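Since the structure is predicted, the reported quantities are computational estimates derived from the model, not experimental observations. The first residue of the sequence shown is numbered 1, and numbering continues consecutively from there.
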Amino acid sequence: MRDGAESFALADRTFFDWPGNWDLEATRFPVPPLPDGWTHDENEAWAFCRPPEDRLPDQGWKIHVSAAPEDAHRTIADVAAHCTRHGLTFKYLKSANVLRALSRKYAQRSSAGKLLTVYPADEAELARTLDGLEAIVGGRPGPYVLTDLRFRQGPLYVRYGGFRTSYMEDADGDLVTALRRPDGSLEPDRRTPVFHTPDWVAIPDILKDSLAARQTVDDFPYRITGALHFSHGGGVYRAEPVGDKALGAGQRSVVLKEGRPYSGTDGVGRDAVSRLAHEHRILTKLAGLPGIPRTFGTLQVRDHLFLVLEDIEGQDFQSWLAGLYPLTVPEPDEAAVAAHRDRALALFGRIEALIASVHGRGVRIGDLHPGNFIIQPGDIPVLLDFEVADAIDRATPSSLGAPGFHRADATGTDGDHYALAAIALWLFLPLAALGGLAPDKPPALLDTAARRFGLPGHLVARLAPQLAPNDNTTAEIRGVQGPFPPSDVLASIGRGLRDSATPHRTDRLYPGDFAQFAEGGAGFAHGAAGVLWARHTVLGERDEQGAAWLRAAVDRVPAERIGFYDGLHGLAYVLRELGENEAALGALDRAADRLPVRHCPSLYRGLSGVGLNLLHFADALDDDALRRQALDLADRVTERLTAARREPVERKRRRGSTHAGGLMYGWSGPALFLLRAHQATGDPALLDEAFRAVHRDLDRCAPGPQDTLHVDEGFRLLPYLDNGSAGIALVAAELLRHRDDARLREALPGLLRACSSDFTIESGLWGGRAGLIGALATLREHVPLPPATAERHLRRHLTNLHQHAMTLNGATVFPCDGRARISMDVATGGAGVLLALAAAERGTELLPFLTDPRSAAAVHSAVPERATTAPSGAAATTDDGREVS
């Protein structure tokens with residue numbers, strides 16, 4: 001899963017949700033007794049307890065308390081009693097399941113380990129509180145809080161941070177929590193997993209001994225030379241042994257796996273230390289087998305355990321496949337397809353032999369997936385990670401597993417055999433993770449892979465029953481088994497959007513990517529606004545209940561989120577489209593005060609998206625004041641562009657900064673804004689700047705195979721809509737309608753060829769197949785490629801979309817990026833696919849502002865109005881307000 005996804009995947013097997021909703025009532029911690037006048041309230045994860053008098057500053061030293069799971073209830077009660085006795089504000093995790101979620105192996109490391117937070121009003125109260133709590137809970141076991149300084153022996157941890165939430169832009173244009181310096185300026189409230197103190201904050205005397213203890217370097221017999229992996233359970237490092245006392249002495253390099261106590265727990269509650277000690281025992285049992293790394297033993301350093309392993313030279317399995325996979329080009333070479341088949345089959349045979357040898361030692365692996373292999377030169381597989389391996393005759397299923405490669409109810413070697421079959425499928429069609437959502441999807445994918453690669457019939461016959469769902473599978477999500485006519489699926493996607501609505505919730509209206517929980521659940525990209533706009537634009541639906549939800553959300557969205565795709569300007573645009581003019585203007589007013597302090601030029605969350613929306617409202621309302629605001633933003637964007645062009649291009653992963661590339665985060669979005677500003681004023685200088693902005697994105701591009709042109713992030717080439725070729729192509733084509741430019745004219749064919757790859761791993765609009773469909777469809781009349789070729793590439797994408805599609809209660813749905821849960825949002829899910837299919841089949845608008853607004857009315861007039869049933873039984877209307885039953 002993607003970083004941070006695991007915690008949001010625990011409460012619901014279908015959609016992402018807050019970990020606080022994971023079986024809440026059954027695992028809720030009791031509310032501590034509170035004196036008269038105290039308040040108790042909750043958010044999605046925390047319960048807050050506040051005394052009648054608010055004495056807290058905006059920021060200061062805060063105390064975090066950790067606890068072992070079995071001791072959490074007692075620790076909450078003891079700390080709460082001390083806090084209420086001394087009038088201290090505090091909060092605690094509201095349920096045992098939230099604590100479990102934040103203790104998992106891939107929980108966010110900046111949040112993990114914190115059970116309670118106590119807020120002293122000043123340094124004197126900090127000292128009294130630390131001494132008082134240490135007398136009560138000091139020395140109790142608990143996980144280490146990585147962001148903090150441990151006080152004495154724990155479980156008390158301290159860091160300087162914000163008490164009341166305020167925001168600022170960081171260097172990438174992201175909104176981050178902020179601290180205020182003595183001069184009044186803001187700096188990010190760093191929550192990285194290492195103790196940090198702002199340079200203007202002195203360490204209190206009560207903490208100086210703890211800081212000295214932390215800075216003491218133990219006699220650690222290794223020199224760390226690189227970090228290979230991080231999780232809440234601990235890091236994995238490459239290291240050089242130092243001296244004869246080091247385990248593995250004489251080796252040029254070793255790998256150290258770290259286990260932290262009470263951290264990185266698995267499905268049965270084992271922590272990283274327990275699993276690492278267990279892994280050492282398994283590796284000892286497997287010693288001498290080819291393809292199994294040697295272990296040199298374990299090392300205890302303070303309370304952390306390190307497993308010392310042989311350093312294996314080679315390539316991770318995902319990179320091996322990415323470098324060879326033949327379907328990521330517009331015109332796959334059939335000889336390359338056959339060569340990949342033969343090489344992959346040979347490697348798979350070696351993997352099967354390796355797993356058979358492990359089984360021959362009486363061991364089942366339990367967590368078998370591509371991420372646990374290194375491929376050595378000569379395509380020799382080496383298997384890593386035996387944390388959940390166990391005896392073959394073990395009667396219980398494995399406690400961890402990667403989605404799509406793990407069968408939760410499998411015992412013995414059955415789970416490994418399922419994982420092997422999924423790995424075989426993944427080698428030819430890397431969508432095996434979809435089996436974690438739709439158990440019946442892998443057999444259909446296997447059929448597709450078999451036909452495309454000419455897989456041997458005997459292999460397919462062997463894999464098919466292993467990948468088939470169990471007879472007792474009752475999953476609501478089913479895999480779409482074959483191609484579907486795109487025109488027929490629009491209504492089905494629309495029904496899926498309507499059926500998924502949760503108007504009773506205030507945090508979200510439609511389930512989407514877990515990014516919606518950071519952005520507030522209402523935005524255009526990941527929230528309600530985008531879904532409502534897609535339904536309105538494509539299906540002619542106006543959902544009264546949804547419109548009411550969005551009106552109310554204007555006051556819930558943090559005022560700092562003013563962007564078009566993540567905040568208030570996107571809400572304003574959609575509300576006006578739905579006829580909610582008063583609420584739309586209210587959203588603009590809420591955003592206005594925050595605009596002067598925003599600097600990010602991006603379309604997604606920055607000045608360009610806001611500027612485009614202000615131009616839109618200025619035209620719609622004939623409002624010169626809004627037009628002047630927009631043009632002022634154009635000047636600010638131009639200034640940022642001028643500054644950026646003085647800096648060297650950085651080809652690495654960046655979003656929202658002057659070094660990002662593409663439509664949403666790079667300079668193509670600002671180019672679109674500058675173009676529309678030119679159209680509004682006739683100022684040729686703005687058109688000049690628009691061309692310079694797209695040229696800046698082209699500076700981030702690099703050629704790929706078959707004359708393609710992609711955004712280059714240093715370790716990968718990207719063709720996608722959000723930060724890849726597709727978004728640049730859309731804006732470049734718009735600019736070329738206004739003036740010829742040799743560089744754009746020469747680049748556009750390569751950008752569009754990059755949109756034509758045979759295979760994509762994701763389906764969504766931002767970073768998957770839907771975005772490529774949308775770009776090719778939008779530009780089909782202006783594609784500088786042979787028309788037959790362009791149309792063939794578009795139709796191939798439309799045909800292959802079924803590879804990602806599923807049904808939920810009969811309605812067509814799509815997975816989010818990462819394929820861990822179903823998403824309905826515009827950026828990653830069903831609403832974005834709906835927009836892309838409508839652009840291909842009906843010529844409707846893909847996203848706001850991408851096409852010349854003077855021709856948009858003609859497009860909209862071609863979309864039929866349709867009545868719809870609103871969610872939860874609410875009345876629905878057509879666009880003219882007529883109610884239907």
Side-chain angles (χ1 to χ4, degrees), residues 5 7-25 42-45 94-95 97-98 101 437 476-477 492-536 539 541-558 566 570-571 574-575 578 580 583 806-816 820-834 868-877:
S7 296
F8 292 98
L10 295 169
D12 192 311
R13 293 183 61 84
T14 302
F15 303 119
F16 284 122
D17 207 344
W18 291 103
N21 292 333
W22 181 21
D23 202 11
L24 173 61
E25 297 308 321
E42 296 181 350
N43 67 10
E44 294 78 11
K94 64 184 184 181
S95 76
N97 271 356
V98 179
L437 275 174
E476 292 181 334
I477 304 175
S492 182
I493 296 174
R495 181 161 69 83
L497 298 177
R498 294 192 299 273
D499 291 350
S500 70
T502 55
H504 60 283
R505 294 178 59 157
T506 58
D507 59 332
R508 76 164 192 215
L509 179 58
Y510 297 99
D513 189 87
F514 64 92
Q516 71 176 201
F517 297 117
E519 295 183 357
F524 197 103
H526 295 295
V531 179
L532 290 170
W533 185 78
R535 291 177 56 192
H536 175 69
L539 302 173
E541 297 177 354
R542 187 188 189 282
D543 175 7
E544 294 292 346
Q545 201 167 30
W549 192 98
L550 200 62
R551 286 197 307 269
V554 170
D555 292 327
R556 294 193 297 263
V557 174
D566 75 330
L571 271 66
V574 174
L575 283 165
L578 297 177
E580 302 287 344
M806 304 175 188
T807 62
L808 176 63
N809 299 322
T812 304
V813 296
F814 291 87
C816 69
R821 291 294 182 267
I822 296 299
S823 171
M824 300 295 174
D825 67 31
V826 163
T828 70
V833 176
L834 181 72
T868 176
T869 301
S872 304
T877 66

### Query
Tell me the salt bridge (Lys or Arg N to Asp or Glu O under 4.0 Å) pairs involving residues 7-22, sequence neighbours left out?
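Listed once each, the pairs are Asp17-Arg505.
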### Task
Sequence neighbours left out, what pairs pass salt bridge (Lys or Arg N to Asp or Glu O under 4.0 Å) with at least one residue falling in residues 547-558?
Arg551-Glu580
### Task
Please report the C-alpha distance between Asp499 and Asn809 in whole Å, then the side-chain angles of each, then the deciding distance to 0.1 Å, and finally whether the side chain to side chain contact (heavy atoms under 4.5 Å, CB included) criterion is met.
CA-CA 9 Å; Asp499 291 350; Asn809 299 322; 5.6 Å; no
#### Entry: Backbone of His526 reached by a side-chain donor or acceptor of Gln516 within 3.5 Å
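Checked: pair present.
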[X] and [Y]: which non-hydrogen atoms are nearest, and at how many Å?
{"X": "Ala522", "Y": "Leu571", "result": "O-CD1, 3.2 Å"}
{"X": "Phe16", "Y": "Ala820", "result": "CZ-CB, 4.1 Å"}
{"X": "Pro511", "Y": "Ser500", "result": "CD-O, 3.4 Å"}
{"X": "Leu532", "Y": "Ala547", "result": "CD1-N, 4.4 Å"}
{"X": "Val98", "Y": "Gly20", "result": "CG2-CA, 3.4 Å"}

### Task
With sequence neighbours left out, write down each residue that passes salt bridge (charged side-chain N to carboxylate O under 4.0 Å, His left out) with Asp566, or none if nothing qualifies.
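For Asp566, the residues satisfying salt bridge (charged side-chain N to carboxylate O under 4.0 Å, His left out) (neighbours in sequence not counted) are Arg561.
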Test of understanding: with side-chain contact (heavy atoms from CB on, under 4.5 Å), list the residues that count as partners of [X], not counting sequence neighbours.
{"X": "Asn43", "answer": "Ala45, Trp46, Phe48"}
{"X": "Ala528", "answer": "Leu509, Tyr510, Trp549, Leu550"}
{"X": "Ser823", "answer": "Cys816, Asp825, Thr828"}

Pairing residues for [X] by the side-chain hydrogen bond (donor to acceptor under 3.5 Å, both in side chains) criterion, not counting sequence neighbours:
{"X": "Thr812", "result": "Ser492"}
{"X": "Thr807", "result": "none"}
{"X": "Glu519", "result": "Tyr604"}

[atom2] on [Y] to [atom1] on [X], rounded to 0.5 Å:
{"X": "Leu808", "Y": "Arg495", "atom1": "CG", "atom2": "CZ", "value": "9.0 Å"}
{"X": "Arg535", "Y": "Leu497", "atom1": "CZ", "atom2": "CG", "value": "7.0 Å"}
{"X": "Leu437", "Y": "Ile477", "atom1": "CG", "atom2": "CD1", "value": "5.0 Å"}
{"X": "Phe514", "Y": "Ser7", "atom1": "CZ", "atom2": "OG", "value": "9.5 Å"}

What residues form a ring pair (Phe, Tyr, Trp, His ring centres under 6.0 Å) with [X], not counting sequence neighbours?
{"X": "Phe814", "value": "none"}
{"X": "Phe15", "value": "none"}
{"X": "Trp22", "value": "none"}

#### Entry: Pair Arg498 + Asp543: basic N to acidic O under 4.0 Å
no
### Task
Look at the aromatic rings of Phe8 and Phe517 and report parallel, tilted or perpendicular, splitting at 30° and 60°.
parallel
### Message
Show, in sequence, the C-alpha distance, side-chain angles and deciding distance for Val813 and Thr14, and conclude whether the side chain to side chain contact (heavy atoms under 4.5 Å, CB included) test is met.
### Response
CA-CA 11 Å; Val813 296; Thr14 302; over 6 Å; no
#### Entry: side chain to side chain contact (heavy atoms under 4.5 Å, CB included) evaluation trace for Glu541 with His536
CA-CA 5 Å; Glu541 297 177 354; His536 175 69; 5.9 Å; no
